[in-house]
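Scroll down for the structure; my scribbles are underneath it.
Side chains included, hydrogens not; waters and symmetry mates left out as well; all remaining heavy atoms used.
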Amino acid sequence: MKMLTLLFGLLVSTFAATGADMSHGADNFYKSDKVNAEKVTFKNQYQMDVVGMLFTPKNATPGTKLPAIVIGHPMGAVKEQSSSLYAQKLAEQGFATLAIDLSFWGESAGKPGHLISPEIYTDDFSAAVDYLSTQSFVDPEKIGVLGICGSGSFAISAAKIDPRLKAVATVSMYNMGAAFRNGLNHSQTVEQRKAFIAAAAAQRFKEFTGGEIAYIPGTVNKLDDSTPAIQREFYDFYRTPRGAYTPKGEKAELTTKPMLSSIGKFMNFYPFNDIETISPRPMLFITGDHAHSREFSEDAYKRAAQPKELYVVPNAGHVDLYDRTDLIPFAKLTSFFKTNLK
């Protein structure tokens, strides 16, 4: 288990950083007085309840149909972390926005919680399009998608098979399949991958025969001198007042931690295969200039067909773009969606 802890610590996009640094405009729990907020529930194609926060601009002209954006949270997070901030900021610019909890996370359905299922996550985005398309104030021909961190790969997976998503943007994207197969910067060997898969399979059988659920270490619950820099980066968001959030009925120490027995499903997840088929719908990949996840946005950009853009934010790391409003390029996102959902 010690080897697995070290390995997983290098892989998962839900890990760690140092004391609650609120500089650079960190404002995860932002509440806008310019938008209306409503909790909504709808079914995905698996007949599971998906819960989201729907935001609309207060100054919208009655009777008009708004362009809309579905927004997905970082892997292991929930809608209250990062995605609702983005949703409110974009709703202020005239969009209807829907920040969803992916299935098995937050308030959305799925038992056991924290189970990994990229196929169902992908369907949640299409289910959000279904829901938005039934709303009288939404133009169903003008719906886009924004995925943050791991949700960037799920958003791309959805867009490949759902042409109703007219414009696709990602921020600090993780390719969750590549991350678990190869590690960051291809640091994981095939032998380590096989050990990972074997551990997940063994844990699956243990749970089938009545054993307790085991979780990947995820975000560490405390720091010590040996905590790696990437884990410290995530700790600063998920384990401090900056971004810590515990959904009702959960334990704070288990937030962000996926089930070990299901994690092998990411090995079969290849969201960038056939990404070029999304064209001619536009794609925007936003990453920080020193983000440890930058490789994934660059890879997606290289594979995608036109129109596409890679936008690199100066002086920004991976988690910086979760909530640091002084760094997040909201103007760029606004321009992208207004241009392409017109």
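More than 12 heavy atoms of other shown residues, nucleotides or ligands fall within 6.0 angstrom of atom CD in Gln306. For Asp224, the CG atom counts as densely surrounded, since its 6.0 Å shell holds more than 12 non-hydrogen atoms of other residues, nucleotides or ligands. At most 12 non-hydrogen atoms from other residues, nucleotides or ligands lie less than 6.0 angstrom from NZ of Lys206. Within a 6.0 Å radius of NZ in Lys58, other residues, nucleotides and ligands contribute more than 12 heavy atoms. Applying the 6.0 Å contact sphere to CD of Gln45 captures no more than 12 heavy atoms from other residues, nucleotides or ligands.
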Walk me through whether Leu284 and Leu333 qualify under side-chain contact (heavy atoms from CB on, under 4.5 Å). CA-CA 8 Å; Leu284 170 64; Leu333 284 165; 4.1 Å; yes
Pair Glu92, Gln88 - check side-chain hydrogen bond (donor to acceptor under 3.5 Å, both in side chains), show working. CA-CA 6 Å; Glu92 290 176 347; Gln88 291 176 87; over 6 Å; no
Walk me through it: do Tyr121 and Ile100 pass the test side-chain contact (heavy atoms from CB on, under 4.5 Å)? CA-CA 10 Å; Tyr121 298 165; Ile100 62 172; over 6 Å; no
Begin from the C-alpha positions of Asn221 and Arg239 and carry the test side-chain hydrogen bond (donor to acceptor under 3.5 Å, both in side chains) through to its verdict. CA-CA 7 Å; Asn221 291 316; Arg239 294 290 184 252; 2.8 Å; yes
Begin with the C-alpha distance, continue with both residues' side-chain angles, and end with the deciding distance and a verdict on salt bridge (charged side-chain N to carboxylate O under 4.0 Å, His left out) for Arg164 and Asp139. CA-CA 11 Å; Arg164 298 174 301 168; Asp139 186 336; over 6 Å; no
Stepwise, does the side-chain hydrogen bond (donor to acceptor under 3.5 Å, both in side chains) test hold for Asn182 with Arg193? CA-CA 8 Å; Asn182 306 320; Arg193 183 194 303 177; 3.0 Å; yes
Do Thr170 and Ile286 pass the side-chain contact (heavy atoms from CB on, under 4.5 Å) test, and can you show the C-alpha distance, the side-chain angles, and the key distance before you say yes or no? CA-CA 6 Å; Thr170 68; Ile286 296 175; over 6 Å; no
Walk me through it: do Val40 and Leu98 pass the test side-chain contact (heavy atoms from CB on, under 4.5 Å)? CA-CA 9 Å; Val40 299; Leu98 179 57; 3.7 Å; yes
Test side-chain hydrogen bond (donor to acceptor under 3.5 Å, both in side chains) applied to Gln93 and Thr334, step by step: CA-CA 7 Å; Gln93 301 305 313; Thr334 298; 4.7 Å; no
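Under the 30°/60° scheme for interplanar angles, the aromatic rings of Phe42 and Tyr131 are found to lie parallel. Taking the six-membered ring where the residue is Trp, Phe154 and Phe269 present tilted rings, their angle falling between 30° and 60°.
Connection of Met53 to Ile69 is not established within any shared hydrophobic cluster, with ILVMFWY side chains joined at heavy-atom distances below 4.5 Å, either directly or through further cluster members.
Residues Asp162 and Ser126 bring a donor and an acceptor atom of their side chains to less than 3.5 Å of each other. Side-chain atoms of Tyr46 and Glu119 form a donor-acceptor pair, as typed in the model, at a separation below 3.5 Å. Using modelled atom types and a 3.5 Å distance limit, the side chains of Asp124 and Ser103 yield a donor-acceptor pair.
Judged purely by atom type and a 3.5 angstrom limit, Ser108 uses its side chain to pair as donor or acceptor with the backbone of Val51. Side-chain atoms of His73 never come within 3.5 Å of backbone atoms of Ser82 as a donor-acceptor pair (strictly under, hydrogens ignored). A donor-acceptor pair is defined here as one N or O able to donate and one able to accept, closer than 3.5 Å; such a pair exists between the side chain of Arg294 and the backbone of Asp289.
Not a single ring pair (Phe, Tyr, Trp, His ring centres under 6.0 Å) links Phe104 to another residue, sequence neighbours left out. Residues satisfying the side chain to side chain donor-acceptor pair (under 3.5 Å) test with Glu80, not counting sequence neighbours, are none.
In this structure, Lys308 forms no cation-pi arrangement with Phe285, as its terminal cationic atom is not both closer than 6.0 Å to the ring centre and no more than 45° off the ring axis. Taking the ring centre of Phe196 as origin, the terminal cationic atom of Arg181 falls outside the region bounded by 6.0 Å and 45° from the ring axis.
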